[in-house]
S.K.: 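Pasting a structure below so you can have a look.
Keep in mind that this is a model prediction, so the values were computed, not measured. So that the names make sense, note that chain A is the first sequence line, chain B the second, and so on, each numbered from 1.
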There are 2 protein chains.
Amino acid sequence: MNTSKKMETLKSYIESKGLKSTAQRDYIADTFFKSNTHISLEELLKKVKRKTPNIGYATVYRTMKLLTEGGLAISRQFGDGQTRYENLPEYGHHDHIICVKCSKIAEFQNQKIEELQSETAKKLGFTVINHKLELYGYCSGCA
Amino acid sequence: MNTSKKMETLKSYIESKGLKSTAQRDYIADTFFKSNTHISLEELLKKVKRKTPNIGYATVYRTMKLLTEGGLAISRQFGDGQTRYENLPEYGHHDHIICVKCSKIAEFQNQKIEELQSETAKKLGFTVINHKLELYGYCSGCA
DNA sequence: TGTTATTATGATAATAACTTTCATTTTCAA
DNA sequence: TTGAAAATGAAAGTTATTATCATAATAACA
Ligand SMILES: [Mn+2]
Ligand SMILES: [Mn+2]
Ligand SMILES: [Zn+2]
Ligand SMILES: [Zn+2]
């Protein structure tokens with residue numbers, strides 16, 4: 001889904017919730033949609049402030065909360081104590097591998113792992129609704 | 001490893017670091033070693049205070065930090081914003097599945113998943129040193 | 001066994017990320 | 001155009017964690 005399509009989806013979501021549209025929210029969302037990292041609120045705020053210096057942290061916070069609720073952003077907690085947000089992946093769910101030295105994050109998909117997770121859960125009488133799989137180690141550059 | 005063996009290991013670790021032994025630390029460690037849950041600092045403090053009401057949160061915090069550094073405790077962060085500690089597993093590494101309704105935690109081991117993780121990492125040029133796998137869902141009682 | 005340097009303790013303060021509050025501004029349906 | 005409802009931004013509140021500091025306990029050694 002491209003940025004403009006996402007902006008439309010956001011617009012619909014806002015309408016459906018009886019909310020009002022604002023320039024700040026639009027700009028924050030647009031900036032986020034155009035980012036391709038796992039971005040923290042501070043980082044996003046910094047980006048946004050380059051064009052709109054008077055925007056507040058709280059607005060960025062609330063916008064990302066809204067996007068997450070609306071299914072337009074995914075929040076992630078890696079080990080660093082900060083929530084990070086990423087755009088919806090183009091091709092379904094993915095997990096992460098993080099370099100403990102340079103913090104580089106690589107993404108991967110492994111259908112077999114996903115299946116084994118479900119199986120394992122089933123054996124224990126659980127039904128999985130989501131999961132968190134993070135590998136930590138050294139990337140090729142830091143090994 | 002049983003509790004007394006762990007206490008000995010702790011004693012060695014303390015000596016090797018040039019630290020001093022104290023009744024508080026011993027009692028906190030012993031209490032932790034005898035617990036078989038994924039226990040938070042608050043919970044551990046509560047237990048400890050039953051016999052030694054004047055023990056402080058900071059001492060429990062520092063003791064668990066010490067145990068973790070010394071390899072006698074594992075710290076875990078599940079989704080609830082609190083660090084939890086667990087004893088060394090009797091039979092190697094395990095991962096967790098957590099009920100989102102009642103917070104029940106089940107443990108599992110799956111060698112195949114572990115292997116697939118290493119493989120996946122290797123393909124991306126990473127060397128894995130640790131990982132985090134948590135499944136979230138409904139337990140049999142909450143389904 | 002006393003002395004004393006070093007470490008530990010517990011109360012309290014500081015930190016940091018997140019979340020809420022509130023006075024003011026903005027939006028938008030009527 | 002108007003006014004009720006929502007949004008904003010600054011500031012305050014929250015919560016778990018970590019640090020500080022005055023005092024107490026430990027232990028090497030004279
Ligand atoms: Mn990702
Ligand atoms: Mn466990
Ligand atoms: Zn790296
Ligand atoms: Zn349950």
S.K.: Quick one: salt bridge (Lys or Arg N to Asp or Glu O under 4.0 Å) partners of A:D26, sequence neighbours excluded?
M.R.: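 Partners of A:D26 under the salt bridge (Lys or Arg N to Asp or Glu O under 4.0 Å) test: none.
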S.K.: Can you measure A:K65 atom NZ to C:dT19 atom P for me and round it to whole angstrom units?
M.R.: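 My rounded result for the distance is 7 Å.
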S.K.: So if I take residues 66-79 of chain A and measure heavy-atom distances to DNA chain C, which residues fall below 4.0 Å?
M.R.: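 Here the set is empty: none.
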S.K.: Under 4.5 Å between any side-chain heavy atoms of B:E114 and B:D95, yes or no?
M.R.: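 Side chain of B:E114 against side chain of B:D95, heavy atoms only: contact under 4.5 Å found.
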S.K.: By a strict heavy-atom criterion of less than 4.0 Å, which residues belonging to residues 15-35 of chain A are in contact with DNA chain D?
M.R.: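 Result for residues 15-35 of chain A: A:G18, A:L19, A:K20, A:T22, A:Q24, A:R25, sorted by number.
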S.K.: Taking only residues two or more places apart in sequence or in another chain, which ones pass side-chain contact (heavy atoms from CB on, under 4.5 Å) with A:S12?
M.R.: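 Scan of A:S12 (side-chain contact (heavy atoms from CB on, under 4.5 Å), adjacent residues dropped) gives none.
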S.K.: Using salt bridge (Lys or Arg N to Asp or Glu O under 4.0 Å) as the criterion, list what pairs up with A:K132, not counting sequence neighbours.
M.R.: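 Residues passing salt bridge (Lys or Arg N to Asp or Glu O under 4.0 Å) with A:K132: A:E134.
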S.K.: What pairs with A:K34 under salt bridge (Lys or Arg N to Asp or Glu O under 4.0 Å), at least two apart in sequence or on another chain?
M.R.: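 A:K34 satisfies salt bridge (Lys or Arg N to Asp or Glu O under 4.0 Å) with A:D30 once adjacent residues are dropped.
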S.K.: Are more than 12 heavy atoms, taken from residues, nucleotides or ligands other than A:K17, located less than 6.0 Å from that residue's NZ atom?
M.R.: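 No, NZ of A:K17 has 12 or fewer neighbouring heavy atoms, counting only those of other groups under 6.0 Å.
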S.K.: Linking Ile, Leu, Val, Met, Phe, Trp and Tyr through side-chain heavy atoms less than 4.5 Å apart, which residues share a cluster with B:V100?
M.R.: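 For the cluster that includes B:V100, the remaining residues are A:I129, B:F78, B:I98, B:I105, B:Y136, B:Y138.
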S.K.: Given atom OH of B:Y61 and atom P of C:dA11, what is their separation to the nearest angstrom?
M.R.: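 Going from B:Y61 (OH) to C:dA11 (P), I get 17 Å.
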S.K.: How about A:E42 and A:K46: do any of their side-chain heavy atoms sit closer than 4.5 Å?
M.R.: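 Contact flag for A:E42/A:K46 side chains = no.
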S.K.: Taking all non-hydrogen atoms of both residues, which atom of A:A121 and which atom of B:I97 are closest, and how far apart?
M.R.: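 Looking at all heavy atoms of both residues, the closest pair is CB-CD1, 3.4 Å.
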S.K.: Tell me, please, the opening and closing nucleotides of DNA chain D, 5' to 3', among those with an atom under 4.0 angstrom from a non-hydrogen atom of chain B.
M.R.: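 Both ends considered, the range comes out as D:dA16 to D:dA27.
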S.K.: Does A:T83 have a side-chain nitrogen or oxygen under 4.0 Å from the phosphate oxygens OP1 or OP2 of C:dC18?
M.R.: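 Answer is yes, contact under 4.0 Å.
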S.K.: B:R62 CZ to C:dG10 P: how many Å, rounded?
M.R.: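 In whole Å, C:dG10 P lies 8 Å from B:R62 CZ.
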S.K.: Taking DNA chain D as the partner, which of residues 52-60 of chain A come within under 4.0 angstrom of it by heavy atom?
M.R.: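 Those residues are A:N54, A:I55, A:G56, A:A58, A:T59.
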S.K.: Going by the rule side-chain contact (heavy atoms from CB on, under 4.5 Å), which residues pair with B:T9 if we only count those two or more places apart in sequence or in a different chain?
M.R.: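 For B:T9 the side-chain contact (heavy atoms from CB on, under 4.5 Å) partners, ignoring immediate neighbours, are B:M1, B:L72.
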S.K.: In terms of hydrophobic clusters joined by side-chain contacts under 4.5 Å, are B:I74 and B:F108 together?
M.R.: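 B:I74 does not cluster with B:F108.
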S.K.: What is the separation between atom CG on B:L10 and atom P on C:dA8, rounded to the nearest whole Å?
M.R.: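 Distance, rounded to whole Å: 11 Å.
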S.K.: Once side-chain contact (heavy atoms from CB on, under 4.5 Å) is applied, do any residues pair with A:E115, and if so which ones, sequence neighbours excluded?
M.R.: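 For A:E115, the residues satisfying side-chain contact (heavy atoms from CB on, under 4.5 Å) (neighbours in sequence not counted) are A:Q111, A:K112.
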S.K.: For residues 58-69 of chain A, tabulate all N or O donor-acceptor pairs below 3.5 Å that involve a side-chain atom, not counting sequence neighbours.
M.R.:
unit_1, atom_1, unit_2, atom_2, d
A:R62, NE, A:A58, O, 3.4
A:T63, OG1, A:T59, O, 2.7
A:T68, OG1, A:M64, O, 2.7

